[in-house]
Amino acid sequence: MKVSDLIKKYEGKTVVDSVSFQLPKGKVTSLIGPNGAGKSTVMGMISRLIAKDSGMISFEDRDLSGWNSRELAKKLAILTQHNNVQMKLTVRELVAFGRFPYSGGRLTEEDETIIDRAIAYMELESFEHRFIDELSGGQRQRAYIAMVIAQDTEYILLDEPTNNLDIYHSSNMMKIVRRLCDELGKTVILVLHEINYAAFYSDYICAFVNGKVAKFGTVDEVITRENLSQIYNVDFEIIRINDKPLSVYY
Amino acid sequence: MTRTHTGLFRLLLLSAAVLAASAAYLLTDSKLYDLRLFAFALKLRLPALAVMLIASCSIGAASLIFQTIINNRIVTPCLLGMNSMYSLVHTAAVFFFGSGSILAVNANLAFAVDLAVMALTAVFIYGFLFKKTGHSVLYVLLIGTVLSSLFGSMQSALVRIMDPNEYDALLVSLVADFNHVNSEIILISLLLLAVTAFALRRDLAVLDVLALGRDQAVSLGIDYDRTVRRLLLGVVLCISIATAMVGPVSFLGLIIANLARQAMKTGRHALLIPCSALMGMLAVIGGQLMTEHLFSFSVPVSTLITMGGGIYFLYLLLFKKEGGY
């Protein structure tokens with residue numbers, strides 16, 4: 001997926017200013033940056049939830065707007081934080097929605113197998129018949145991930161997946177992200193607030209400041225004292241744990 | 001698949017109840033001993049029954065679809081002023097062309113005109129509103145309430161400067177009443193409902209996905225804007241049909257859609273929509289039976305429904321937490 005000269009304005013104010021980058025396939029890429037830097041807006045545009053003002057987002061050498069929605073849904077799945085479901089759904093029914101782009105509501109034998117596998121992968125078997133509004137936040141998040149797995153896409157876009165989760169569930173979430181990439185070969189792109197999660201669990205980092213890409217590169221290239229101090233305007237110390245750069249700020 | 005089976009079983013039970021209610025409506029006090037009197041009673045009651053069934057079916061389907069589009073279960077299309085828009089369109093037709101014009105005399109033509117104008121305005125206004133407000137329910141509801149009183153004032157302004165005789169002729173069609181139903185449009189309404197149902201037949205599964213919210217629906221490959229516009233058009237058609245037949249009934253949709261959700265405990269619209277329609281039939285026929293035989297016409301059925309609906313609405317707001325049933 002390649003983004004070039006992406007621009008978005010809200011009421012005359014430019015929130016995303018000629019952003020260009022190329023997302024490496026089969027890797028985990030995190031978008032980080034201070035509030036209002038435009039990372040979520042960029043995410044919204046590459047996941048076609050927000051209309052772009054100008055620029056190109058090419059996905060498999062074709063502009064995103066040229067794709068048929070149904071076909072694109074077989075290649076690219078999105079998970080945002082607006083998951084307020086107003087109906088009685090069991091975990092299994094939710095996961096089954098992942099097959100919608102393929103079979104449009106009529107599940108085939110193959111779909112059922114894929115749903116079973118997704119549920120097993122997220123270890124949700126014991127409550128697959130529970131209603132999702134009866135689950136805890138962490139369990140519900142896993143159910144949604146299982147739906148994304150059932151959707152069987154090459155690309156997975158996650159908008160702040162650790163939002164509203166405690167430390168235990170956040171780090172579990174990040175481990176799942178890693179597994180999606182390492183075990184299932186997915187390309188995962190996520191917006192993150194916690195720099196250390198980004199540093200520890202991603203391969204590439206794209207840092208935004210004022211609607212522009214400030215730094216894009218591997219974790220070691222981006223997570224340095226100078227870079228982070230520039231991006232966040234705060235003093236940083238970098239320490240290495242498990243050969244990963246972790247940042248301390250105060 | 002046991003949940004589907006209990007769902008189907010409940011639908012069957014409801015259908016039986018509707019059949020029983022219909023029979024009760026047709027046969028109570030119908031002078032079975034005299035065939036001629038019985039035939040006369042049937043001649044009056046059959047069209048009324050047909051109208052009640054069609055109207056509640058359209059209201060039930062429309063309200064449920066609308067709630068799913070907005071992703072909120074305490075809204076009805078009526079809260080957005082579709083009823084007052086209907087009144088305005090209807091009044092304007094009589095005002096500008098006269099109650100003697102073919103537009104007002106020919107029920108089918110009048111209906112067709114109402115429908116065309118309603119559909120265009122509603123899809124334009126509401127389609128635009130949903131986009132503009134980023135599908136924020138609060139804004140849409142607020143603007144809907146404002147629009148509702150705007151249409152209402154425009155309508156009453158027209159009524160004030162209207163010929164009193166024309167107004168008399170108009171009034172009959174503007175007040176919800178199951179005793180003087182507009183039975184001339186039964187055929188065209190049935191036809192329209194069938195066409196709408198056919199056009200939206202593939203959208204039952206799409207509605208299930210839409211209930212997950214806009215982001216997830218887009219992720220699952222639904223062309224959101226176009227789908228919502230198409231469904232909205234269907235909602236407007238259904239509401240127009242119901243309003244043209246029996247006049248504005250505001251709370252009915254809210255009650256029956258929520259009763260259906262509560263009774264079925266499922267997200268599948270293939271089960272929810274029929275259930276909502278059946279609930280509607282039961283409520284309307286039951287209400288009409290009470291009006292005719294319990295209150296001997298002193299309390300109109302719309303009052304009963306509004307009262308019941310109001311109480312149920314309060315119950316939903318006070319005792320049910322958001323999202324749960």
Side-chain angles (χ1 to χ4, degrees), chain A residues 10 43-44 47-51 64-65 67-90 92-107 112 129 131-134 140 143-144 147-148 150-153 155-159, chain B residues 1-4 6-7 64 67-75 131 134-137 201-227 257-258 260-272 316 320-325:
Chain A
Y10 283 122
M43 185 66 142
S47 52
R48 75 205 142 110
L49 294 173
I50 300 175
L64 213 55
S65 48
W67 278 82
N68 169 298
S69 325
R70 194 91 169 241
E71 287 309 308
L72 193 58
K74 296 177 187 171
K75 304 258 180 196
L76 189 136
I78 311 146
L79 196 56
T80 60
Q81 292 310 301
H82 311 289
N83 294 322
N84 180 22
V85 176
Q86 298 262 336
M87 58 179 177
K88 276 289 181 194
L89 268 186
T90 63
R92 195 181 172 83
E93 284 169 332
L94 179 74
V95 178
F97 278 124
R99 301 309 294 165
F100 185 80
Y102 300 87
S103 40
R106 280 170 200 278
L107 298 177
E112 298 284 356
H129 296 299
F131 288 119
I132 48 168
D133 55 355
E134 294 164 1
R140 198 174 312 153
Y144 273 99
M147 172 174 84
V148 167
Q151 203 177 332
D152 197 17
T153 56
Y155 285 75
I156 296 178
L157 310 180
L158 304 171
D159 192 3
Chain B
M1 288 290 102
T2 43
R3 280 181 73 211
T4 314
T6 32
L64 212 107
Q67 290 185 346
T68 298
I69 296 177
I70 302 269
N71 219 349
N72 185 304
R73 60 193 198 94
I74 53 171
V75 296
K131 240 187 150 151
H135 300 267
S136 149
V137 187
R201 72 194 181 286
R202 294 235 173 86
D203 284 332
L204 281 175
V206 172
L207 276 166
D208 299 350
V209 179
L210 278 183
L212 294 177
R214 173 173 180 267
D215 293 358
Q216 236 42 64
V218 171
S219 169
L220 290 170
I222 283 172
D223 189 343
Y224 191 78
D225 288 339
R226 200 189 289 173
T227 309
N258 276 293
R261 285 175 198 271
Q262 227 165 352
M264 302 307 279
K265 283 208 186 349
T266 174
R268 290 188 49 203
H269 287 75
L271 292 173
L272 283 175
L316 282 181
K320 287 278 159 180
K321 68 175 203 299
E322 191 80 358
Y325 293 97

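The figures that follow rest on heavy atoms only: side chains count, while hydrogens, waters and symmetry mates do not. Convention: sequence-line order gives letters A, B, ...; per-chain numbering from 1. Here the structure is a predicted model, which means the values were calculated and not measured.
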Find the one option among Val209(B), Asp223(B), Thr266(B) whose heavy-atom pairs under 4.5 Å with chain A are most numerous.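 The residue among Val209(B), Asp223(B), Thr266(B) with the greatest pair count is Val209(B).
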
Ignoring hydrogens and geometry, is there a side-chain-to-backbone donor-acceptor pair from Arg214(B) to Leu49(A) under 3.5 Å?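 Yes, because the side chain of Arg214(B) sits within donor-acceptor range (under 3.5 Å) of the backbone of Leu49(A).
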
- Does any non-hydrogen side-chain atom of Asp215(B) lie less than 4.5 Å from one of Asp159(A)?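 A side-chain contact under 4.5 Å is absent here.
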
message = Can you confirm whether Leu79(A) sits close enough to Gln216(B) that some side-chain heavy atom of one is under 4.5 Å from a side-chain heavy atom of the other?
response =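 Result yes, sub-4.5 Å side-chain heavy-atom pair found.
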
- Please check if atom NZ in Lys75(A) has more than 12 non-hydrogen atoms from other residues, nucleotides or ligands closer than 6.0 Å.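 Not more than 12 within 6.0 Å, no.
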
Got a sec: does the CZ of Arg226(B) have more than 12 other heavy atoms crowding it under 6.0 Å?
->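 Atom CZ in Arg226(B) is not crowded, with 12 or fewer foreign heavy atoms closer than 6.0 Å.
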
Requested in this report: Taking all heavy atoms of Gly105(A) and all of Ala205(B), pick out the closest pair and write down the distance.
Outcome: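 What the structure gives for the nearest pair is CA-CB, 4.1 Å.
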
Open item on the list: Using every non-hydrogen atom in the two residues, find where Ser47(A) and Val218(B) come nearest and quote the distance to one decimal.
Closed with: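 Result for this residue pair: O-CG1, 4.4 Å.
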
Distance, nearest 0.5 Å, that separates CD1 of Ile78(A) from CG of Leu220(B):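 Output value for this atom pair is 8.5 Å.
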
With chain B as the partner, which of Arg48(A), Glu71(A), Met147(A), Arg106(A) has the greatest number of non-hydrogen pairs under 4.5 Å?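 The residue among Arg48(A), Glu71(A), Met147(A), Arg106(A) with the greatest pair count is Arg48(A).
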
